[in-house]
Amino acid sequence: MSEPDLSVTICGVRLRNPTVLASGILGLSEDLLIRVGEAGAGAVTSKSCGLKPRAGYPNPVVADWGAGLINAVGLSNPGVDATMEEVRTAKRVLKPKGVAVIASIFAESVWDFGVVAQKISPAEPDLIEVNISCPNVEHEFGQFFCATPYVAAQVTRRVKQSTDIPIIVKLSPNEANIAEIARAVVDAGADAVSAINTLGPGMVIDIESRAPIISNRIGGISGAAIHPIAVRCVNDIARAVPVPIVGIGGNAAARDAIEMIIAGAHAVGIGSAIYSRGLAVFAETTRGIEAYMRQHNFARLDDFRNSVMETAPTAGSRIVIPQPTEP
Ligand SMILES: Cc1cc2nc3c(=O)[nH]c(=O)nc-3n(C[C@H](O)[C@H](O)[C@H](O)COP(=O)(O)O)c2cc1C
């Protein structure tokens, strides 16, 4: 059998392999984006940037609670103007290496989403990811943009009118029906979707001091604990819309990534796992997917993408433990 082809094309952008650095995990610096690209990622996503610089919450903002992370950074970012330079530099260095650069944006109003998209576009990111898991300050109760299909679609239309770069709309697992939101943003012009952002909010308390462990008291949950929810969301989306999906949430090894692809993902975002596995997680995941493809005689990712069976096999035991496919 010839070499398995691990490349994937999303909205005309070729990724040499399906692993993608998820937004925000490594803060914002072109050096870090470049290091992740050089460590083997197929694409890197910048930290979400808004119209103006924002300090975010005081430390501690991220904590490891054993089965994942809890974070509330408060959308800290240096603003779109500074991010532009970071994205431009990352693109210049990573493009010749075949690594795609995705610029993530957020805003506080539907209108501002368009302004930020327009401002970041001259940096020529390959794709723009639209983070709608943030509050709309124009709404009476600061409702999140991802909370209703109507508002999620409004943001999508506004961004599409403001840039020619293909857009990925990043969905939240915290809404009742993620497939409905996916359909609304795709009908409004989203070229792709990514899922999921953090789950929650959750809360972790230090039992000695009885204080919450992060400064904001509550925060989004990520990492291993949310992986099954992310897989379910990706599969719900794959059943609802025909666009490419970046599956994110608890991916820490090839088995997690393969599960995401079987559920319907074209590419797999890796975030929290970097804290425990280091940047090697990208190359290790890619190698593990390749080994799985050889083992199953799959020539391309398409050969097993979106191929989940309708039913579980019947088993004598009530408990089934999936076998690891790699170290
Ligand atoms: C510290 C931290 C910061 C994050 N910042 C962002 C962000 O700026 N924009 C965004 O869209 N998602 C952000 N996320 C969410 C991740 O991109 C990802 O969707 C989520 O953590 C689930 O993936 P994981 O389990 O692999 O971490 C952040 C997550 C963490 C842990």
Side-chain angles (χ1 to χ4, degrees), residues 19-29 32-33 36 41 43-50 54 56-57 59-65 67-80 83 86-87 102-107 113 116 120 127-135 144-146 155 167-174 178 193-202 204 213-216 219-231 233-234 245-253 256-257 259-260 265 267-277 279 281-282 285:
T19 65
V20 177
L21 169 68
S23 177
I25 303 297
L26 292 175
L28 182 92
S29 118
L32 281 168
L33 293 180
V36 175
V44 295
T45 313
S46 62
K47 178 165 182 52
S48 300
C49 70
R54 227 160 112 144
Y57 300 132
N59 282 335
V61 290
V62 189
D64 184 335
W65 50 276
L69 302 180
I70 181 167
N71 95 83
V73 296
L75 290 166
S76 56
N77 81 100
V80 64
T83 303
E86 314 247 347
V87 169
I102 304 169
S104 172
I105 62 165
F106 78 93
F113 266 102
V116 181
I120 199 78
L127 298 156
I128 293 178
E129 187 174 69
V130 185
N131 175 8
I132 56 172
S133 298
C134 47
F144 279 33
F145 294 100
C146 55
V155 172
I167 70 164
I168 308 173
V169 178
K170 186 170 182 180
L171 305 183
S172 161
N174 301 329
I178 200 166
V193 294
S194 55
I196 54 177
N197 214 310
T198 52
L199 183 72
V204 181
I213 61 172
I214 56 170
S215 71
N216 187 51
I221 306 297
S222 60
I226 70 167
H227 186 256
I229 293 165
V231 170
C233 287
V234 165
I245 304 167
V246 183
I248 316 170
N251 296 318
D256 305 321
E259 225 184 319
M260 279 289 190
V268 286
I270 300 178
S272 301
I274 296 171
Y275 288 94
S276 51
R277 312 250 340 220
L279 297 188
V281 66
F282 293 94
T285 299

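Ligands are counted one by one from 1 in listed order, and the atoms in each one are counted from 1 as well.
- Close contacts between ligand 1 and Ser272 involve ligand atoms 24 (P), 25 (O), 26 (O), 27 (O) [criterion: under 4.0 Å to a heavy atom].
- To the nearest 0.5 angstrom, Thr83 atom OG1 is 5.5 Å from Asn77 atom CG.
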* Before giving the answer on side chain to side chain donor-acceptor pair (under 3.5 Å), spell out for Ser194 and Glu129 the whole-Å C-alpha distance, their side-chain angles and the decisive distance to 0.1 Å. => CA-CA 8 Å; Ser194 55; Glu129 187 174 69; 2.8 Å; yes
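- Below 3.5 Å of separation, one finds no N or O of Ser104 facing any N or O of ligand 1.
- Of the listed residues (Cys134, Gly271, Ser23), the one carrying the non-hydrogen atom nearest atom 26 (O) of ligand 1 is Gly271.
- To the nearest 0.5 Å, the span separating CG on Asn71 from CD1 on Ile25 amounts to 7.5 Å.
- Of all atoms in ligand 1, numbered sequentially from 1 with element shown, those under 4.0 Å from a heavy atom of Lys47 are 5 (N), 8 (O).
- Although no hydrogens or angles enter the test, the distance criterion places no donor-acceptor pair under 3.5 Å between the side chain of Ser215 and the main chain of Asn59.
- In this structure Phe282 satisfies the ring pair (Phe, Tyr, Trp, His ring centres under 6.0 Å) test with no other residue, sequence neighbours excluded.
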* Asked: Which is it for Val169 and Ile132 under the side-chain contact (heavy atoms from CB on, under 4.5 Å) test, yes or no, and what are the steps along the way?
  -> CA-CA 7 Å; Val169 178; Ile132 56 172; 3.8 Å; yes
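- Close approach to Lys170 involves these atoms of ligand 1, each under 4.0 Å from a residue heavy atom: 10 (C), 11 (O), 12 (N), 15 (C), 16 (C), 17 (O), 18 (C), 19 (O).
- Among the atoms of Ser48, some N or O lies under 3.5 angstrom from an N or O of ligand 1.
- Note that CG of Asn197 and OG of Ser23 are 8.0 Å apart. Values are rounded to the nearest 0.5 Å.
- Annotation: Gly269 places no N or O atom under 3.5 Å from an N or O atom of ligand 1; distance criterion only.
- Among Asn197, Leu26, Asp64, the residue whose heavy atom lies nearest to atom 15 (C) of ligand 1 is Asn197.
- Those atoms of ligand 1 with a heavy atom of Ile25 less than 4.0 angstrom away are 29 (C), 30 (C), 31 (C).
- Not close to ligand 1: Ala273, with no non-hydrogen atom less than 4.0 angstrom away.
- Which parts of ligand 1 touch Gly249 is read off a 4.0 Å heavy-atom cut-off, strictly below it: atoms 22 (C), 23 (O), 25 (O).
- When each of Asp256, Val20, Asn251, Ile245 is checked for a side chain to side chain contact (heavy atoms under 4.5 Å, CB included) with Val268, only Asn251 meets the rule.
- For Ala22, no nitrogen or oxygen atom sits less than 3.5 Å from a nitrogen or oxygen atom of ligand 1, counting backbone and side chain alike.
- Protein heavy atom nearest atom 31 (C) of ligand 1, with residue, atom name and distance: Asn71 ND2, 3.4 Å.
- Taken to the nearest 0.5 Å, the CG atom of Leu75 stands 4.5 Å off from the CZ atom of Phe106.
- Looking at atom 21 (O) of ligand 1, its nearest protein heavy atom turns out to be Ser222 CB, 3.2 Å.
- Shown in contact with Gly250 at under 4.0 Å from a heavy atom are these atoms of ligand 1, numbered in order with element: 24 (P), 25 (O), 26 (O).
- Summary of contacts: the protein heavy atom closest to atom 23 (O) of ligand 1 is Ile248 CG2, 3.4 Å.
- Separation of atoms SG (Cys233) and CD1 (Ile226) is listed at 9.0 Å; rounding is to 0.5 Å.
- Rounded to the nearest 0.5 Å, atoms CD1 (Ile229) and CD1 (Ile196) are 6.5 Å apart.
- Using a 4.0 Å cut-off between heavy atoms, Ile196 contacts ligand 1 through its backbone alone, with no side-chain atom that close.
- Atom 5 (N) of ligand 1 has Gly24 CA, 3.3 Å as its closest protein atom, hydrogens excluded (heavy atom only).
- Near Val62, meaning under 4.0 Å from one of its heavy atoms, ligand 1 places the atoms 1 (C).
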* **Derivation and outcome, side-chain contact (heavy atoms from CB on, under 4.5 Å), residues Ile274 and Val281** => CA-CA 7 Å; Ile274 296 171; Val281 66; 4.2 Å; yes
